[in-house]
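What follows is a single structure, written as structure tokens, with notes after it.
In this text, all values refer to a predicted model and were calculated from it rather than measured experimentally.
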Amino acid sequence: MNVSDIIKKMSDDALDSLSSYEDAIKNEFSTALISRNQLFGDLIVAYKNGDISKDDVAFELERERDIIEAEIITLEIIGRSTVQKAVNSAMSRLTDTALKII
């Protein structure tokens, strides 16, 4: 087995590990938005009915943006762990392959 093949397999292992992290971010973001569906709808209706001002809507949406961002940022911990697993997986493949060659 040549070095290019080993590197390709290392890369494949790492990318497989990282794809689950991307899916987790997408799912968390979608869940965060869906869970606020009623709130967003209520804000729009209240503004349309003249119950709240444009500034009130802007304030509430900014607050919700901050909350959603905080929820997504918590995935950074998962991301670090996932990256660590990807690197470990790739390096394990390299070590295993190198030891078989030597």
Task: Results of side-chain hydrogen bond (donor to acceptor under 3.5 Å, both in side chains) for R65 - residues two or more places apart only - done: E62, E69
Open item on the list: If the condition is side-chain contact (heavy atoms from CB on, under 4.5 Å), which residues does D56 pass it with, not counting sequence neighbours?
Closed with: I52, S53
Task: Counterpart residues, side-chain contact (heavy atoms from CB on, under 4.5 Å), relative to I34 (two or more places apart) - done: S30
Task: ILVMFWY cluster, I67 and L61 together (side-chain gap under 4.5 Å) - done: no
Open item on the list: Around atom CZ of F40, are there more than 12 heavy atoms from other residues, nucleotides or ligands closer than 6.0 Å?
Closed with: yes
Open item on the list: Can you tell me how far apart CD (E28) and CD1 (I73) are? Round to the nearest 0.5 Å.
Closed with: 12.0 Å
Open item on the list: Quick check on the hydrophobic clustering: are F59 and I44 connected, directly or via other members, by side-chain heavy-atom contacts under 4.5 Å?
Closed with: no
Open item on the list: Taking side-chain contact (heavy atoms from CB on, under 4.5 Å) as the definition, give me every residue that meets it alongside V45, ordered by chain and number, with sequence neighbours left out.
Closed with: N49
TODO: Could you note down all residue pairs passing salt bridge (charged side-chain N to carboxylate O under 4.0 Å, His left out) where residues 33-53 supplies at least one of them, sequence neighbours left out?
DONE: R36-E64, R36-E71
